[in-house]
Amino acid sequence: MAHSATVTQFSVPAPLGGDVSVRRSGINKKCNLSFQDKLWASKLSLDSRTNHMFSRKQYQVMCMSVQQAGRTKVAVTPIELEDAKEPPINLYRPKEPYTATIVSVERIVGPKAPGETCHIVIDHGGSVPYWEGQSYGIIPPGENPKKPGAPQNVRLYSIASTRYGDSFDGKTASLCVRRAVYYDPETGKEDSSKNGVCSNFLCNSKPGDKIQLTGPSGKVMLLPEDDPNATHIMIATGTGIAPFRAYLLRMFMESIPNSRFGGLAWLFLGVANSDSLLYDDEFSGYLREYPDHFRYDKALSREHKNKKGGKMYVQDKIEEYSDEIFKLLDGGAHIYFCGLKGMMPGIQETLKRVAEQRGDNWEEKLKLLKKNKQWHVEVY
């Protein structure tokens, strides 16, 4: 691929085979952790003289290259984030949102990608903790056009980082946002009055800008970790990759005491072309370093052909490996879907057809998967 479709990554010196502590002064204070008490996070925060937005230089130093890191994992703080037994839910609501700060906005697709997708890092100061698979709500500035005098509605975005954030200190969260743009079918020109309000606000943001944050929300996509040797089959289209990036960072990048992933993570990603691939360098790095525990299959609709000679969509790639996928599901594997609503009918149709070819009743099988909590879907 000519253009690397991933967040710019940086490395820090690391002893081979050891853990790398990526810490900031004052971050390791002990506290009594309770997600229902918003004040707990302040005990983990830096004092007012140092608790400012990261400078670009600081942020670069705190990030690590997957390629250079190899099997060396990053130590995370505050490790007390592992202590909570239940996920945090709606710590901040639309009437009383949290004011967070934009750290960085990076375009992460190449020039030939249709549309623009950005990786956006948000500094929440440790005050809005979350678990992998949850979402944040963003309230864009301005007035609700349907309710004059009222603020804009909340837009939900899956979080694309682990609970420790891209800087591994529990103070940031990342979003993967595609700029929603409307083109007039008659003129072919962009109509900014109909463009996505929140996605464009986020993609246009600059470091230091303030945003209104709600949440976190969601339990459907939480990563089950009761069995470290489980199989996780992840199917994403476009920015639906967000929760899976978080899962994979937790599995392969972070050094978490008493937690070591020894199962199989299998990622299917569907996008338009090579320039549209998201976090590809990260995933390719995991593939090189953990070939026994990670698989990565891409469906590029404008570059790949399915077995019938048509465009290759993610459901075609699933069908290609259907026998193996069904055997893994029969063995207790979890399967996750995240992306546009339009992805699910084609996927469901493919799974039903394959099930029938195998002599299975798909409706009964789906009911069993849901009952066993193996089936996880989040579409928008």
> Once you round to the nearest 0.5 Å, how far does OG of Ser104 lie from CD1 of Ile120?
Replying inline: 9.0 Å
>> Are Val177 and Tyr157 packed together at the side-chain level, in the sense that at least one heavy-atom pair is separated by less than 4.5 angstrom?
In response: yes
> Which heavy atom in Cys176 sits nearest to a heavy atom in Thr117, and how many Å separate them?
Replying inline: SG-CG2, 3.7 Å
>> With rounding to the nearest 0.5 angstrom, report the NZ to OG distance, Lys210 to Ser205.
In response: 12.0 Å
>> Tyr247: which residues meet the ring pair (Phe, Tyr, Trp, His ring centres under 6.0 Å) condition with it, sequence neighbours left out?
In response: Phe244, Tyr336
>> Are Met344 and Val220 connected into the same hydrophobic cluster when the rule is that any two of I, L, V, M, F, W, Y join if their side-chain heavy atoms are below 4.5 Å apart?
In response: no
>> With a 3.5 Å distance limit and no angle check, can you tell me whether Tyr321 reaches the backbone of Asp297 through a side-chain donor-acceptor pair?
In response: no
>> For a 4.5 angstrom cut-off between non-hydrogen side-chain atoms, does Leu277 reach Leu300?
In response: yes
> Does Glu116 offer a backbone N or O that forms a donor-acceptor pair with the side chain of Arg179 under 3.5 Å?
Replying inline: no
> Do Leu269 and Leu223 share a hydrophobic cluster (ILVMFWY, side-chain heavy atoms under 4.5 Å, transitive)?
Replying inline: yes
>> Going by side chain to side chain contact (heavy atoms under 4.5 Å, CB included), name the residues that satisfy it together with Pro114, two or more places apart in sequence or in a different chain.
In response: Arg178, Ala272, Asn273, Ser276, Arg302
>> What I want to check is whether the side chains of Gln134 and Ser217 have a donor and an acceptor closer together than 3.5 Å.
In response: no
>> My understanding is that a hydrophobic cluster links ILVMFWY residues whose side chain heavy atoms are under 4.5 Å apart, including indirect links. Using that, what else belongs to the cluster containing Met312?
In response: none
> Where do Ile138 and Leu175 land on the side-chain contact (heavy atoms from CB on, under 4.5 Å) test, with the steps shown first?
Replying inline: CA-CA 11 Å; Ile138 306 293; Leu175 305 180; 4.2 Å; yes
>> Going by side chain to side chain contact (heavy atoms under 4.5 Å, CB included), name the residues that satisfy it together with Lys147, two or more places apart in sequence or in a different chain.
In response: Asn144, Ala150
> Between Asn306 and Lys311, is there a donor-acceptor pair closer than 3.5 Å when you use the side chain of the first and the backbone of the second?
Replying inline: yes
>> Closer than 3.5 angstrom, by distance alone: can the side chain of Tyr98 be matched with the main-chain N or O of His124 as a donor-acceptor pair?
In response: yes
> Looking only at atom types and distance, does a side-chain atom of Arg358 sit under 3.5 Å from a main-chain N or O of Asn361, one as donor and one as acceptor?
Replying inline: no
> Got a salt bridge between Lys307 and Glu320, using NZ or NE/NH1/NH2 to carboxylate O under 4.0 Å?
Replying inline: no
>> Heavy-atom count check: over 12 atoms from other residues, nucleotides or ligands less than 6.0 Å from Asn258 CG?
In response: no
>> Checking Tyr380 now: which residues fulfil ring pair (Phe, Tyr, Trp, His ring centres under 6.0 Å) with it, not counting sequence neighbours?
In response: none
> Rounded to the nearest 0.5 Å, how far apart are CD1 of Ile102 and OG1 of Thr172?
Replying inline: 11.5 Å
> Does a donor on one side chain and an acceptor on the other come within less than 3.5 Å for Tyr130 and Ser161?
Replying inline: yes
> Who pairs with Pro140 by side chain to side chain contact (heavy atoms under 4.5 Å, CB included), at least two apart in sequence or on another chain?
Replying inline: Gln152, Arg155, Val197, Cys198, Phe201
>> If only side-chain N and O atoms count, and only distance matters, is there a donor-acceptor pair under 3.5 Å linking Glu378 with Ser158?
In response: yes
>> Enumerate the salt bridge (charged side-chain N to carboxylate O under 4.0 Å, His left out) contacts for residues 129-145, please, sequence neighbours excluded, ordered by first and then second residue.
In response: Glu132-Arg163, Glu132-Arg250
>> When you compare the side chain of Ile233 with that of Phe268, does any pair of heavy atoms fall below 4.5 Å?
In response: yes
> At their closest point, which heavy atom of Gln212 faces which heavy atom of Thr99, and how far apart are they?
Replying inline: NE2-OG1, 3.2 Å
> Just wondering, do His334 and Pro224 contact through their side chains at under 4.5 Å, heavy atoms?
Replying inline: yes
> Can you get from Ile79 to Val74 by hopping between Ile, Leu, Val, Met, Phe, Trp and Tyr side chains that sit under 4.5 Å apart?
Replying inline: yes
> Does Tyr313 have any ring pair (Phe, Tyr, Trp, His ring centres under 6.0 Å) partners at least two apart in sequence or in another chain, and if so, which?
Replying inline: none
> Is the closest side-chain heavy-atom distance between Tyr286 and Met253 below 4.5 Å?
Replying inline: yes
> What pairs with Ala265 under side chain to side chain contact (heavy atoms under 4.5 Å, CB included), at least two apart in sequence or on another chain?
Replying inline: Met234, Leu248, Met251, Phe252, Phe261, Phe294
>> Restricting to ring pair (Phe, Tyr, Trp, His ring centres under 6.0 Å), what partner residues turn up for Tyr164, sequence neighbours left out?
In response: none
>> Nearest 0.5 angstrom please: Ile122 CD1 to Ser174 OG, how far?
In response: 8.0 Å
> Can a salt bridge be assigned to the pair Glu319 and Lys308 using a cut-off of 4.0 Å between side-chain N and carboxylate O?
Replying inline: no
> Who passes side-chain hydrogen bond (donor to acceptor under 3.5 Å, both in side chains) against Arg260, sequence neighbours left out?
Replying inline: none
> What closest approach, in Å, do Asp226 and Pro228 show between heavy atoms, and which atom pair accounts for it?
Replying inline: O-CD, 3.7 Å
> Which pair of heavy atoms, one from Gly263 and one from His293, lies closest together, and at what distance?
Replying inline: O-ND1, 2.7 Å
> Would Ile235 end up clustered with Ile241 when hydrophobic side chains under 4.5 Å apart are linked, directly or stepwise?
Replying inline: no
> Counting only heavy atoms not in Lys365, do more than 12 fall under 6.0 Å of its NZ?
Replying inline: yes
> With distance as the sole criterion, is a donor-acceptor pair present between the side chains of His119 and Asp166 under 3.5 Å?
Replying inline: yes
> Does the side chain of Thr350 come within less than 4.5 Å of Arg353's, by heavy atoms?
Replying inline: yes
> Does a side-chain heavy-atom distance below 4.5 Å link Gln315 with Gln348?
Replying inline: no
>> Testing the basics here: between Leu156 and Gly137, what is the closest heavy-atom pair and its distance to 0.1 Å?
In response: CD2-CA, 3.8 Å
> Are Val76 and Ile256 close enough that some pair of their side-chain heavy atoms sits under 4.5 Å apart?
Replying inline: yes
>> Run the side-chain hydrogen bond (donor to acceptor under 3.5 Å, both in side chains) test against Glu349 and tell me which residues pass, sequence neighbours left out.
In response: none
> With distance as the sole test, does Ser322 use its side chain to make a donor-acceptor pair with the main-chain N or O of Ile318 at under 3.5 Å?
Replying inline: no
> Do you know which of Ile211, Val154, Asn153 makes side chain to side chain contact (heavy atoms under 4.5 Å, CB included) with Ile139?
Replying inline: Val154
>> Test side-chain contact (heavy atoms from CB on, under 4.5 Å) on Trp362 and Leu351; report intermediate values, then the result.
In response: CA-CA 7 Å; Trp362 173 242; Leu351 292 172; 3.8 Å; yes
>> Using the rule that Ile, Leu, Val, Met, Phe, Trp and Tyr join whenever any side-chain heavy atoms are under 4.5 Å apart, tell me whether Ile347 and Met221 fall into a single cluster.
In response: no
